[in-house]
Amino acid sequence: MWQPTNTPEEDRLRKLHELLEQGISPYPNRVTRTHTARQAVAAFEAAEAAQSADPSLVTVSVCGRIVRQNLKGKVYFAHIEDGTGRVQLFVRIDRVGEAAYDLVRRHLDLGDFVQASGAMMRTRAGEVSVLVDKIVLLAKALSPLPVIKERVNEDGTVERYGAFSDVEERYRQRYADLAVNPDTREVFRKRAQTINALRTFLDEHGFLEVETPILQPIYGGAAARPFITHHNQLHQDLYLRISFELYLKRLLVGMYDAVYEIGRDFRNEGVSFKHNPEFTQLEFYQAYTDYHGMMDLTERMVAYAAQRVNGSTIITFEGHTIDLTPPWQRITLREAIKSRSGIDYVDYPDAPSLRQAMLAAGLQTRPDATWGKLVDTLLGDTVEPTLIQPTFVLDYPRDISPFAKSVPGDPTHVERFELFIGGIEMGNAFTELNDPLDQEARFLEMHRLYREEDDEATPIDEDYLRAMRYGMPPCGGCGIGVDRLVMLLTDRSTIREVLLFPHLRERQS
RNA sequence: GGGCGUGUAGCUCAAUGGCAGAGCAGUGGCCUUUUAAGCCAUUGGUUGCAGGUUCGAGUCCUGCCACGCUCACCA
């Protein structure tokens with residue numbers, strides 16, 4: 001059984017017991033709400049504006065959490081807040097009677113939920129308020145939330161005094177963060193709007209939303225270590241998906257022209273400001289197009305989401321003004337790296353020579369890195385941080401892109417792009433490889449590479465190859481990191497600020 | 001995993017190696033139009049955990065835990 005751990009909790013528990021002794025339930029079953037906080041204020045102001053109506057005849061029953069209270073002798077003011085906003089309660093002892101007033105004075109705390117009914121009025125100070133006839137406790141708060149006081153300035157801006165800012169506690173107790181920090185609530189509203197906008201855009205462009213397995217017998221579609229779990233009755237190890245790619249492309253074999261999925265991917269890798277072990281991915285695939293089609297669609301979709309969420313395609317991110325208005329800059333990976341590092345990697349066709357060139361340029365490399373990984377290092381270290389404005393980087397080395405079609409006449413490169421905005425990778429797309437024999441060869445090549453590194457054996461998905469042998473239409477596919485997109489649209493510098501419950505290490509002792 | 005940093009009251013923060021404090025919240029009192037209300041009084045601490053140095057440790061040292069930044073890792 002829970003025990004108070006501090007004086008405020010002891011006081012609140014005592015009040016709860018006193019209420020029970022008076023026969024008052026601190027957690028009643030029934031509640032009556034006629035108006036939200038916002039509606040109550042709006043109804044009064046509308047009556048004020050309409051000369052014909054008597055605003056004092058506007059009666060309401062409002063519900064919410066007490067976020068400010070001011071006991072002033074025989075009158076009591078409180079602000080209650082619900083999901084729509086705040087409204088002030090004005091309680092007078094001569095109106096509610098001594099018994100009810102005593103309950104208000106002795107037993108209500110910041111954080112409690114109450115229901116108040118009465119007529120709307122305007123105080124002498126001018127604030128629209130509920131002149132309370134009856135007030136009912138709806139839920140007692142036994143633990144105190146951080147107290148944040150607000151002052152509304154002349155110009156309407158809100159200044160906040162006090163804070164709940166400890167990052168760890170905000171994440172571990174997100175409910176408390178949300179309860180007291182309206183800015184946090186706004187982030188997750190925008191997150192929902194973002195996802196809704198992506199979905200709406202794709203729906204309106206002929207895409208079918210689908211759901212594919214999260215528990216997969218063979219993981220694939222990306223290079224990452226998986227989480228492993230086990231089905232007891234089937235005696236089968238299963239993997240939490242690291243991407244949706246291979247299942248979604250099976251659906252193009254199945255004659256859907258365009259499909260997408262928004263869902264969770266799981267990667268058993270390190271965490272960082274842009275990595276969480278589970279994250280939300282959007283992948284969409286469209287037949288009869290290629291990566292150019294994916295670029296066109298992607299830039300329009302992201303611009304649409306920005307417009308829907310922020311009302312503009314021009315946003316601010318980490319102090320940068322970023323213009324998401326299409327069309328976006330396109331540059332080949334080769335040109336991008338050459339312009340930033342001075343290294344034209346095609347001049348160094350094998351890992352040892354490229355590594356030498358990179359070392360000569362003062363770049364750090366891993367001695368065991370493959371040629372493709374070295375190119376990727378060049379991208380990450382010299383190019384990625386410079387790509388603040390939205391930029392498609394095109395044409396990647398074949399040996400780090402096993403699902404992309406080759407660039408015609410170019411044995412080195414495949415038709416792939418990655419999308420960068422604000423210096424962060426936002427997406428990855430290919431002209432999808434639909435040649436089953438070439439795909440099998442790529443699988444075998446990757447399998448060999450990873451076995452050499454003895455890091456993660458990439459399993460070969462024979463069923464995917466079988467699907468492709470039935471014929472897969474030419475298509476483009478793209479994956480978008482939804483959390484990162486939300487970071488961009490809400491100007492948050494870490495992924496944890498846009499995840500309601502980010503992964504944290506379990507607390508010991 | 002490495003480096004740097006942080007951890008003190010419910011919240012936000014102070015405290016030269018020398019009595020562990022403030023504001024807000026809480027408690028008691030005054031106050032019938034307050035709004036960061038005000039005034040008077042007052043409660044609240046295993047200073048993340050475990051050791052060590054010292055006459056004396058929140059402070060210095062070691063280890064551990066958690067978090068942040070960063071590097072590595074991450075096609």
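No experiment lies behind these values; they were computed from the predicted model shown. Proteins get letters first, then strands, A, B, ... in listed order; numbering begins at 1 in each.
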ask   = Considering only the P atoms, how many Å lie between rU33(B) and rC49(B), rounded to the nearest integer?
value = 48 Å
message = When you measure from the side-chain N and O atoms of R106(A) to the phosphate of rG29(B), is any distance below 4.0 Å, counting only OP1 and OP2?
response = yes
request  = State, without any angle test, whether Q216(A) and Y247(A) hold a side-chain donor-acceptor pair at a distance under 3.5 Å.
outcome  = no
ask   = Contacts to RNA chain B from residues 63-74 of chain A, heavy-atom cutoff under 4.0 Å, which residues?
value = R68(A), Q69(A), N70(A), L71(A), K72(A), G73(A), K74(A)
query = Roughly how many Å is it from NE2 in H275(A) to C1' in rA72(B), rounded to a whole number?
reply = 13 Å
inquiry  = Between rA20(B) and rU47(B), how far apart are the two C1' atoms, rounded to whole Å?
reply    = 8 Å
request  = Sequence neighbours left out, what pairs pass side-chain hydrogen bond (donor to acceptor under 3.5 Å, both in side chains) with at least one residue falling in residues 90-101 of chain A?
outcome  = R92(A)-D94(A), R95(A)-D133(A)
query = Looking across every strand, which nucleic acid part, if any, lies under 4.0 Å from S143(A) by heavy atom: base, sugar-phosphate, or nothing?
reply = nothing
inquiry  = Test of understanding: with salt bridge (charged side-chain N to carboxylate O under 4.0 Å, His left out), list the residues that count as partners of D102(A), not counting sequence neighbours.
reply    = R105(A), R106(A)
E169(A) CD - rU6(B) P separation (whole Å) = 19 Å
query = Looking at residues 144-153 of chain A, who's got a heavy atom less than 4.0 Å off RNA chain B?
reply = P144(A), P146(A), V147(A), K149(A), E150(A), R151(A)
remark   = Rounded to whole Å, the CG-P distance (N6(A) to rU27(B)) equals 12 Å
request  = Would you please name every residue forming a salt bridge (charged side-chain N to carboxylate O under 4.0 Å, His left out) with R185(A), sequence neighbours left out?
outcome  = E81(A)
request  = Could you list the residues that satisfy ring-ring contact (aromatic ring centres under 6.0 Å, His included) with Y348(A), not counting sequence neighbours?
outcome  = none
Any-strand Watson-Crick or G-U partner of rC55(B), both distances under 3.5 Å = rG18(B)
Any residue meeting ring-ring contact (aromatic ring centres under 6.0 Å, His included) with F420(A), in chain and number order, not counting sequence neighbours = none
ask   = Nearest-Å distance, CG (D166(A)) to P (rU6(B))?
value = 15 Å
inquiry  = Rounding to an integer number of angstrom, what distance separates rC61(B) and rA57(B) when you compare their P atoms?
reply    = 15 Å
inquiry  = By the ring-ring contact (aromatic ring centres under 6.0 Å, His included) test, which pairs, at least two apart or in different chains, include something from residues 352-388 of chain A?
reply    = Y345(A)-W371(A)
ask   = Quick one: E168(A) CD to rA66(B) C1', roughly how many Å, whole number?
value = 5 Å
request  = Look at all strands and tell whether P397(A) reaches a base, only sugar-phosphate, or nothing, counting heavy atoms closer than 4.0 Å.
outcome  = nothing
Which atom pairs link the protein and nucleotides 39-41 of chain B when you take only N or O atoms and keep those under 3.5 Å?
none

ask   = Should the heavy atoms of other residues, nucleotides or ligands under 6.0 Å from CZ of R122(A) be counted, would the total exceed 12?
value = yes
note = Result for 5'-nearest mapping on RNA chain B, choosing between A163(A) and G270(A), is A163(A)
ask   = Residues two or more places apart in sequence or in another chain: which of them pass salt bridge (charged side-chain N to carboxylate O under 4.0 Å, His left out) with E283(A)?
value = none
request  = Report which part of the nucleic acid F90(A) touches: base, sugar-phosphate, or nothing (heavy-atom distance under 4.0 Å, all strands).
outcome  = base
Distance, P atom - from rG44(B) to rG2(B), rounded to whole angstrom = 43 Å
message = Let's test this: given Watson-Crick or G-U wobble pairing with both distances under 3.5 Å, identify the partner of rC31(B).
response = none
query = Please give, in whole Å, the distance from rC74(B) C1' to K373(A) NZ?
reply = 8 Å
inquiry  = Among residues at least two apart in sequence or on other chains, which ones pass side chain to side chain donor-acceptor pair (under 3.5 Å) with E418(A)?
reply    = Y396(A), R416(A)
inquiry  = Say we look at rA66(B) and rC31(B): how far apart would their C1' atoms be, to the nearest angstrom?
reply    = 47 Å
query = Under 4.0 angstrom, heavy atoms only, what part of the nucleic acid is F164(A) near: base, sugar-phosphate, or nothing?
reply = sugar-phosphate
query = Just to confirm, is there a sub-4.0 Å distance from OP1 or OP2 of rC67(B) to any side-chain nitrogen or oxygen of R172(A)?
reply = yes
ask   = Using atom P of each nucleotide, how far apart are rA22(B) and rC64(B) to the nearest Å?
value = 37 Å
query = For K338(A), does the NZ atom have more than 12 heavy-atom neighbours from other residues, nucleotides or ligands under 6.0 Å away?
reply = no
query = Does rU6(B) have a Watson-Crick or wobble mate here (both distances under 3.5 Å), and if so which one?
reply = rA66(B)
request  = Give the rounded distance in Å between these two atoms: CD of E159(A) and P of rA37(B).
outcome  = 13 Å
remark   = Residue set satisfying salt bridge (charged side-chain N to carboxylate O under 4.0 Å, His left out) with R442(A), at least two apart, ordered chain then number -> D438(A)
